[in-house]
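Just so it is clear, the values below take in all heavy atoms, side chains as well, and ignore hydrogens, waters and symmetry mates. As the structure is a computational prediction, the values presented were derived from the model and not from experiment.
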Amino acid sequence: MTDTVLIAGAGPTGLALAVHLALHDIPVRVIDAAPAPATASRALGLQPRGREVLERIGALGDLPQRSRSSLTMSYNEGTRTVLRLHVGQAVADQPKQTLLISQAEIEGTLRRRLAELGGQVEWDTRLAAARQDDAGVTATVRTADGAERPIRTHWLIGCDGAHSTVRKLAGIGFPGRKLLERLLMVDVQARWPLDRNGSTTWMEAGHMLSVTALPDDTWRVFTEPPSQLPDRLSEREIGDRVLSEFSRRSGIGLDTVTDLRWASEFRIHRRLADAYRRGRILLAGDAAHIQSPTGGQGQNTGLGDAENLAWKLVLVARGRADRRLLDTYEGERRPLARKVLRATSTAVDIMLPNAPWKRLLRDHVVLPVVRLPAVQRRLWLAASQLGISYRGGPLAPAEHRWMPGLRPGDRMPDLACRRPDGGATTLHAAIGGRWVVLADDRHVAARHAAAAAAELGADLVLALTPVEPGSPDVALIRPDGHIGWRHHPAPDRLTTWLNKVLWPA
């Protein structure tokens, strides 16, 4: 019998994981403690990597048409602009751009995709307890009326954010440190004479205020308040504080502000879970790692977690792989999260120096370098997460180090391809949560696809041929777009590799 999965948390990570599982008929339930979907959100950017994840599970929808992609980021000290990043110009040649759109819109698209596959979110349903044994997990959930009921599931996945109940019930530590003591954030409707193609940030004595344009004359404004500001401010008090600070720093009056749409406050931490798996309980997204919002990495890292975990969970749930395959989820994703946390924390330290000498270093060393177009391009490529590789990880050991070109563990760029019937497609659009055999010769591709299907299941394997021939090798592409195996044509070697991966010694 196919395993069942219970996901706690209906944010982008939990929804993307649910969609991927539903694509392959894995019984999945999604619960969320909130009474209804969020209409406002902290995250605004969908990096190219996150965009690819949604495309591969058929959940991208019309997000590109509803987003902005030609982004400019300006950093000011008082009236002086100290840095302007022309993000769109630096990477105009890239086929996939960063999309500026609310997390709430992304979640809406994912929910619609999940509904197409027969799934839904159970709102106002809070996880109260969880007890696991070797065969599964007994979860206790509490609904809005206070009633409690048990749910028996084979796997419990915590996608329930920084204060994850799943993580706490599993007894997994979440060490880290504060990056910003407090952040006030509002969405307001106003007509302001600012760049609507990106963001403007004012830096002052180690503190920042940033404004980002949203659709419909709406702006996202956030700032760090003074330490003596009282706790538990109302939405109106938060709005008044943020807008008065915005007016002081920008010199722009508030007479065109017509509506305060949303206000909240956050503490910004850098934390990483001690483990991503404890038996039949796993963590993903903010439940496993949180970082500064700098660079828009949080939501996108969570989407990557979901995709990496999903394809492994599909194989285990179907009985096509041993449970130990799930250990490679932490082995591949936790080192990446550690790098993201380090990079975003460093960006905060550089852009918001807390000492005069650090400010001098930023202004006279760091900023002149960052102004260079080549450096801006490298920064974008790093933030895009398109350079992620699992080389040297548990599924791509170091013996491939002398292989020329792309190696196992590397992300496979999107390619124009042909299906076995001759129809045109692209690699990422065709994946759909499956494994893809790529070979220049369609007969070679078919033989290797048959070998892979014998181990993975016929419905999980697709053969494609690139429109532009490029390599005599055959490549097996994982459902997350990374190269699993690459070799000269040899179906028996492919079978051997798959068995090593699926049934580790």
Problem set entry | Contact summary for I31 and V141, nearest pair of heavy atoms | CD1-CG1, 3.8 Å
Problem set entry | Side-chain donor/acceptor of R271 to backbone N/O of F174, under 3.5 Å | yes
For this session: May I ask you to decide if M412's main-chain N or O and H428's side chain share a donor-acceptor pair within less than 3.5 Å?
Result: yes
Problem set entry | Atom pair CD1/CD1 of I157 and I281 - distance to nearest 0.5 Å | 9.0 Å
Problem set entry | Set of residues satisfying ring-ring contact (aromatic ring centres under 6.0 Å, His included) with respect to H487, sequence neighbours excluded | W485
Exercise. Could you state the interatomic distance from CD (E330) to CG (L309), rounded to the nearest 0.5 Å?
Worked result: 11.5 Å
For this session: Applying side chain to side chain donor-acceptor pair (under 3.5 Å), name anything that partners R131, two or more places apart in sequence or on another chain.
Result: none
For this session: State, yes or no, whether a side-chain contact exists between R334 and L283 at a heavy-atom distance under 4.5 Å.
Result: no
Exercise. Checking N499 side chain against T495 main chain: does a donor-acceptor pair fall under 3.5 Å?
Worked result: yes
Exercise. Are the side chain of R280 and the backbone of V137 linked by a donor-acceptor contact shorter than 3.5 Å?
Worked result: no
Problem set entry | side-chain contact (heavy atoms from CB on, under 4.5 Å) assessment of L502 paired with W497 | CA-CA 9 Å; L502 303 179; W497 178 82; over 6 Å; no
Problem set entry | Validation row: L438, T465 side chains within 4.5 angstrom (heavy atoms) | no
For this session: Taking side chain to side chain donor-acceptor pair (under 3.5 Å) as the test, write out the residues that go with S210, two or more places apart.
Result: T201
Exercise. Side chain of E55, backbone of L60: donor and acceptor closer than 3.5 Å?
Worked result: no
Problem set entry | Test side chain to side chain donor-acceptor pair (under 3.5 Å) applied to R434 - qualifying residues, sequence neighbours left out | none
Problem set entry | Atom pair CG/SG of D305 and C159 - distance to nearest 0.5 Å | 8.5 Å
Exercise. Is there a side-chain contact (heavy atoms from CB on, under 4.5 Å) between E265 and M185 once you walk through the steps?
Worked result: CA-CA 6 Å; E265 63 176 279; M185 185 179 297; over 6 Å; no
Seminar exercise, completed: For A463 and A449 the tightest heavy-atom approach is CB-CB, 3.9 Å
For this session: Identify the two heavy atoms, one from I172 and one from D274, that lie closest to each other, and give their separation to 0.1 Å.
Result: CG2-N, 4.0 Å
Exercise. Do V30 and Q120 come close enough that some side-chain heavy atom pair is under 4.5 Å?
Worked result: no
Seminar exercise, completed: residues 154-168 vs salt bridge (charged side-chain N to carboxylate O under 4.0 Å, His left out), sequence neighbours excluded, gives none
Seminar exercise, completed: Taken to the nearest 0.5 Å, the spacing of L325 CG from L395 CG works out to 6.5 Å
Problem set entry | Residue pair R278 / A170: nearest heavy atoms and the distance that separates them | NH1-O, 3.2 Å
For this session: Take the angle between the ring planes of W311 and W435 and call it parallel below 30°, perpendicular above 60°, tilted in between.
Result: perpendicular
For this session: Output yes when a side-chain donor or acceptor of D414 lies under 3.5 Å from a complementary backbone atom of L427, and no otherwise.
Result: yes
Exercise. Which pair of non-hydrogen atoms, one from A130 and one from L169, has the smallest distance, and what is that distance?
Worked result: N-CD1, 3.8 Å
Exercise. Does the side-chain contact (heavy atoms from CB on, under 4.5 Å) test come out yes or no for L156 and Q132, once each step is laid out?
Worked result: CA-CA 9 Å; L156 171 61; Q132 66 172 310; over 6 Å; no
For this session: Using salt bridge (charged side-chain N to carboxylate O under 4.0 Å, His left out) as the criterion, list what pairs up with D322, not counting sequence neighbours.
Result: R324
Exercise. Should L336 and I388 count as side-chain neighbours, where that means a heavy-atom distance under 4.5 Å?
Worked result: yes
Exercise. Mind checking what makes salt bridge (charged side-chain N to carboxylate O under 4.0 Å, His left out) contact with R113, not counting sequence neighbours?
Worked result: E116
For this session: Only pairs at least two apart or in different chains count here, so list each ring-ring contact (aromatic ring centres under 6.0 Å, His included) that has a residue in residues 315-339.
Result: Y276-Y329
Seminar exercise, completed: Value for OG (S389) from CG (D410), rounded to nearest 0.5 Å, stands at 4.0 Å
For this session: Start with the C-alpha distance between Q385 and T301, add both sets of side-chain angles, then the distance that settles side chain to side chain donor-acceptor pair (under 3.5 Å), and finish with yes or no.
Result: CA-CA 8 Å; Q385 298 196 10; T301 305; 3.1 Å; yes
Problem set entry | Under 3.5 Å donor-acceptor, T125 side chain and W123 backbone | yes
Exercise. Among all residues two or more places apart in sequence or in another chain, which pass the side chain to side chain donor-acceptor pair (under 3.5 Å) test with R277?
Worked result: D327
Problem set entry | Derivation of the side-chain contact (heavy atoms from CB on, under 4.5 Å) call for M208 and F222 | CA-CA 8 Å; M208 66 179 291; F222 61 86; 3.6 Å; yes
For this session: Tell me, please, which residues at least two apart from H289 pass ring-ring contact (aromatic ring centres under 6.0 Å, His included).
Result: none
For this session: Please report the shortest heavy-atom distance between S199 and T212, naming the atom on each side.
Result: CB-OG1, 3.4 Å
For this session: For residues L54 and L46, determine if any side-chain heavy atom of one lies less than 4.5 Å from a side-chain heavy atom of the other.
Result: yes
Exercise. Is there a donor-acceptor pair closer than 3.5 Å between any side-chain N or O of T153 and the backbone N or O of T4?
Worked result: yes
For this session: Measure the spacing between CD1 of I57 and CG of L303 and express it to the nearest 0.5 Å.
Result: 8.0 Å
For this session: Begin from the C-alpha positions of R493 and T496 and carry the test side chain to side chain donor-acceptor pair (under 3.5 Å) through to its verdict.
Result: CA-CA 5 Å; R493 286 180 175 266; T496 299; over 6 Å; no
For this session: Establish, from distance only, whether the side-chain atoms of R333 and Y390 form a donor-acceptor pair under 3.5 Å.
Result: yes
Exercise. Within the distance-only criterion (no hydrogens, no angle test), does the side chain of R56 pair as donor or acceptor with the backbone N or O of D480 below 3.5 angstrom?
Worked result: yes
Exercise. Tell me, do I483 and R478 make a side-chain contact under 4.5 Å, heavy atoms counted?
Worked result: no
Exercise. Got more than 12 heavy atoms from elsewhere within 6.0 Å of CD, Q65?
Worked result: yes
Problem set entry | Side chain to side chain, W155 and L6, heavy atoms closer than 4.5 Å | no
For this session: Sorted by first residue and then second, give each side-chain hydrogen bond (donor to acceptor under 3.5 Å, both in side chains) pair with at least one member in residues 312-321; sequence neighbours left out.
Result: N308-K312, K312-T328, K312-E332, R318-D459
Problem set entry | Student check: side-chain heavy atoms of L464 and V437 closer than 4.5 Å | no
Extract all donor-acceptor atom pairs below 3.5 Å that involve side chains of residues 9-23 and protein atoms in other chains or at least two apart in sequence.
none

For this session: Could you tell me whether a side-chain N or O of H154 sits under 3.5 Å from a main-chain N or O of G136, the two making a donor and an acceptor?
Result: no
